[in-house]
Amino acid sequence: MLRFAANSLSRSSAAFRSRAFTSTSSLLDSSSTLALQRNIGISAHVDSGKTTLTERILFYTGRIDNIHDVKGKDGVGAKMDSMDLEREKGITIQSAATFCQWKDSHVNIIDTPGHVDFTIEVERALRVLDGAVLVLCGVSGVQSQSLTVDRQMKRYNVPRLAFINKLDRSGANPFKVTEDVRDKLKLNAALVQVPVGLEGDHKAVVDIVEDKMLVCEGDRGEIVKEYDVPEDMKDLVEEKKAELLEAVADVDDEIGEMFLMEETPTPEQLKAAIRRATVACEFVPVFMGSAFKNKGVQPLLDGVVDYLPSPEEKENHALDLDKGEEQVKITCDADAPLVALAFKLEEGKFGQLTYMRVYQGTLKRGMNITNVNSGKKIKVPRIVRMHSDDMEDIESAGAGEVVAMFGIECSSMDSFTDGSVNYAMTSMFVPEPVMSISVTPDKKSNTANFGKALAKFGKEDPTLRISTDPISKQTILAGMGELHLEVYVERMKREYDVTCVTGRPSVNYKESIAKKAEFNYLHKKQTGGSGQYAKVIGFVEPLEEDAEETFEWDNRVVGTNIPPEYIASCEKGAIDASSKGGLIGMEVQGMRVVLEDGASHAVDSSDMAFRYAMSQAVREAMAKANPSVLEPIMKLEVVAPQEFQGTIVSGLNRRMGLIQNSSTMDDNVIIEADVPLSQMFGYSTDIRSITQGKGEFTMEYKDHQPVQRDQQAELIKAFKEEQEASA
């Protein structure tokens with residue numbers, strides 16, 4: 001029996017679409033409150049359907065008038081993938097922001113990339129958002145990048161919903177995926193919906209909390225109708241509801257007490273408990289559907305409003321620079337002193353576009369703001385709300401808003417205030433690059449544009465490192481993988497008309513030590529007049545395996561044998577030595593330098609003398625500490641038909657891969673392996689060839705591990721030959 005359809009969204013009239021769009025732009029300027037605002041990110045493993053889901057969300061909320069294909073086959077492409085490269089490759093490269101209205105709530109959305117090479121886009125989005133939707137493939141479940149995204153969400157304490165997508169595909173199993181979420185991600189997750197049919201028979205979902213079936217009808221699923229739960233599904237619904245109650249009871253006192261008393265909570269009580277547990281990052285409600293088939297999207301939007309926090313519910317802190325970086329709580333109050341964070345930069349046709357999250361106070365056009373990091377005072381010329389690559393001018397943005405500004409010169413992760421407080425927001429985690437290539441413009445006449453492009457890209461992307469090789473004088477681009485660097489080379493050609501000649505990709509090796517080694521070094525030089533004198537005593541040792549830092553300085557000097565004013569110079573000398581190891585000239589990681597004693601001279605000692613002495617002492621000690629070369633190891637996941645398993649495994653063995661796990665799913669085999677990055681060049685061509693184009697793989701950085709002895713000898717020999725050639 002049809003109960004009601006009062007909440008259904010009808011898209012049959014153009015007039016309605018216009019009203020929906022207009023109301024969005026004026027939403028926060030009128031009667032909306034912070035309690036009705038949501039700032040969310042949509043994140044997942046590559047090709048899980050994030051952008052497809054966002055496209056449906058924008059359509060059902062009235063922000064766009066039509067649904068377009070993600071790969072741009074219809075000549076338009078998805079709204080959130082505005083770059084031509086994104087539409088050609090069918091993947092998201094840059095995170096894109098938009099805003100929409102769902103019922104009475106204002107929702108700011110950032111659609112993020114799923115490919116590991118562009119993980120920094122996910123990192124900075126999650127740093128500033130209050131909640132997230134973790135999209136999972138209904139067939140593949142938790143994949144390698146799902147694990148990375150989950151770690152990022154945990155790093156910034158971001159409450160999340162899970163959405164199991166692609167239930168229309170062959171082999172879809174939301175129950176197995178939910179088990180994966182519990183086992184692999186270690187999350188307290190439970191279904192709040194169950195599917196009505198799977199694969200080709202997928203028709204709707206049943207809301208476990210409200211005990212009703214939600215059917216998306218109409219040409220594009222725009223009309224949501226509610227029906228009674230089918231008789232043949234009541235047992236399944238009761239079973240999953242019991243699981244839901246048990247999972248929530250574990251983390252919520254009110255439901256826990258009712259569970260022990262064998263009382264049944266009302267839908268309102270259960271919803272309130274799910275919200276409390278989700279906001280506290282203690283529970284993950286699991287939704288499901290098929291974005292491509294227009295099913296389950298509107299109930300997910302209801303879940304975003306019902307269960308994810310408003311800006312005032314998410315606790316944020318800043319550092320008070322006037323009080324020794326003392327942590328202070330930020331209040332989501334529009335009348336408080338302004339505190340905002342620039343989390344993303346983009347070069348637009350009107351100059352630099354700076355994405356801002358306003359944490360406290362109000363940002364107004366024309367007001368003067370202070371860049372806390374540089375100390376510069378700036379007048380705000382223009383504020384816009386972003387809708388992918390479209391903009392809407394606004395006069396002001398209150399606490400909790402995500403907006404963009406034009407004409408502001410700053411760096412990513414700079415903090416801004418109105419000058420009345422000296423608060424800085426904490427920055428984000430930036431992973432180290434794992435691969436580099438040399439790039440040179442094909443014509444000398446393109447040198448100026450080449451420089452402009454590099455300056456722009458370097459500002460936009462903290463994981464793109466630009467340097468000059470001291471020997472060959474070539475420009476070196478270092479990034480997160482082949483695709484990452486390939487995209488920037490292609491962007492130079494398209495945006496700046498600069499065709500580049502690229503050198504063979506090289507691997508970002510590191511060096512390390514394996515044992516403790518002492519040093520006792522005297523630097524003494526007399527050339528007439530004041531000379532140089534410094535003596536340092538101490539040792540170097542490897543850091544513990546689980547240490548978060550890659551280099552540690554420990555000053556254990558007692559007394560004034562080394563005057564306190566020279567300790568900082570000693571630390572700089574140790575850092576100098578660790579930045580260039582003695583084997584192949586690469587950065588040394590996993591090392592602790594301990595300074596215990598030393599000696600100085602009243603006249604001849606200086607900052608320069610102690611810095612030099614310390615750098616030489618550490619270099620000599622490293623040579624005695626059983627040094628080794630480390631190479632980046634990638635966590636690889638290959639999915640292909642089962643008949644190719646033997647060929648794939650033997651191919652990985654040839655590439656020095658270590659098989660970690662092998663499992664089957666329907667007719668496919670999933671092989672997980674750890675493989676040195678140096679062995680992975682050209683693997684995309686190789687996997688297509690050996691699987692007749694039916695196999696695919698993903699990989700992400702795992703850690704650095706020692707290379708084999710013969711490989712280390714070759715690397716050292718090549719480094720010495722290079723040094724001699726440049727001498």
Side-chain angles (χ1 to χ4, degrees), residues 45-48 85 88-91 93 113-119 137 140 143-148 431-439 463 477-490 502-510 629-665 668-708 710-711 714-715:
H45 183 86
V46 64
D47 203 29
S48 292
L85 262 175
E88 284 174 21
K89 293 180 179 290
I91 60 170
I93 293 171
H115 201 287
V116 65
D117 284 22
F118 310 107
T119 189
C137 175
S140 304
Q143 298 166 275
S144 58
Q145 190 65 3
S146 311
L147 295 165
T148 304
E432 288 295 312
V434 296
M435 184 183 289
S436 61
I437 58 172
S438 62
V439 288
T463 59
L477 288 188
M480 301 306 296
E482 278 185 282
L483 181 61
H484 187 214
L485 299 173
E486 182 187 304
V487 162
Y488 278 109
V489 171
E490 184 64 25
T502 59
R504 185 181 183 278
S506 60
V507 173
N508 186 21
Y509 292 102
K510 306 263 188 190
V629 177
L630 307 180
E631 64 178 339
I633 302 296
M634 307 304 285
K635 187 176 179 181
L636 178 75
E637 182 181 274
V638 183
V639 181
Q642 290 186 33
E643 64 261 31
F644 301 112
Q645 181 172 1
T647 315
I648 293 169
V649 170
S650 62
L652 290 175
N653 288 336
R654 285 196 303 273
R655 291 176 181 268
M656 312 301 291
L658 185 62
I659 306 297
Q660 299 292 337
N661 188 35
S662 179
S663 60
T664 57
M665 181 183 64
N668 287 332
V669 62
I670 302 171
I671 299 167
E672 296 173 16
D674 293 344
V675 192
L677 176 62
S678 60
Q679 301 292 325
M680 288 305 295
F681 298 127
Y683 189 64
S684 56
T685 304
D686 196 8
I687 193 70
R688 280 196 295 268
S689 173
I690 63 178
T691 63
Q692 299 169 15
K694 299 173 185 175
E696 58 184 39
F697 77 96
T698 57
M699 67 178 184
E700 64 174 324
Y701 170 73
K702 182 183 179 185
D703 57 15
H704 272 73
Q705 294 178 14
V707 301
Q708 295 183 351
D710 58 339
Q711 187 184 352
E714 288 176 11
L715 289 168

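Side-chain atoms are counted along with the backbone in the values below, which use heavy atoms only and exclude waters and symmetry mates.
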Handout entry: Worked verdict on H45 versus S140 for side-chain contact (heavy atoms from CB on, under 4.5 Å)
Key = CA-CA 10 Å; H45 183 86; S140 304; over 6 Å; no
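Partner of I670 under the side-chain contact (heavy atoms from CB on, under 4.5 Å) criterion, out of V639, T664, V638, N661: V639 alone.
Legend: residues meeting salt bridge (Lys or Arg N to Asp or Glu O under 4.0 Å) with E637, ordered by chain and number and at least two apart, are absent. In this view, K635 satisfies the salt bridge (Lys or Arg N to Asp or Glu O under 4.0 Å) rule with no residue, not counting sequence neighbours. Shown here are the side chain to side chain donor-acceptor pair (under 3.5 Å) partners of T463, two or more places apart in sequence or in another chain: D461.
Heavy-atom minimum distance, L636 versus F697: CD1-CD1, 3.4 Å. Nearest heavy-atom pair across Y509 and Q711 is OH-NE2, 3.6 Å. Contact between L652 and V675 at its shortest, heavy atoms only, is CD2-CG2, 4.3 Å. Among all heavy-atom pairs drawn from N653 and I659, the shortest one is OD1-CG1, 4.4 Å. Looking at every heavy atom in both residues, C137 comes nearest to S48 through N-OG, 4.1 Å. Here the closest heavy-atom approach between residue M480 and residue P433 is recorded as SD-CA, 4.0 Å.
With contacts defined as side-chain heavy-atom distances shorter than 4.5 Å, the pair T502/L485 does not qualify. Side-chain contact check for P641 versus N668: some heavy-atom pair is nearer than 4.5 Å.
Taking CG of D703 as the start and CG of D674 as the end, the distance is 7.5 Å to the nearest 0.5 Å. Atom CG of residue L715 and atom CD of residue E631 lie 8.5 Å apart, to the nearest 0.5 angstrom. Atom CD of residue Q143 and atom OG1 of residue T148 lie 11.5 Å apart, to the nearest 0.5 angstrom. The CD1 atom of I671 sits 12.0 Å away from atom CZ of F644, with the distance rounded to the nearest 0.5 Å. The CE atom of M656 sits 9.5 Å away from the CD1 atom of I633 when rounded to the nearest 0.5 Å. Going from atom CE of M634 over to atom OG of S678 covers 11.0 Å, rounded to the nearest 0.5 Å.
For H704 (side chain) and N508 (main-chain N/O), a donor-acceptor pair under 3.5 Å exists by modelled atom type.
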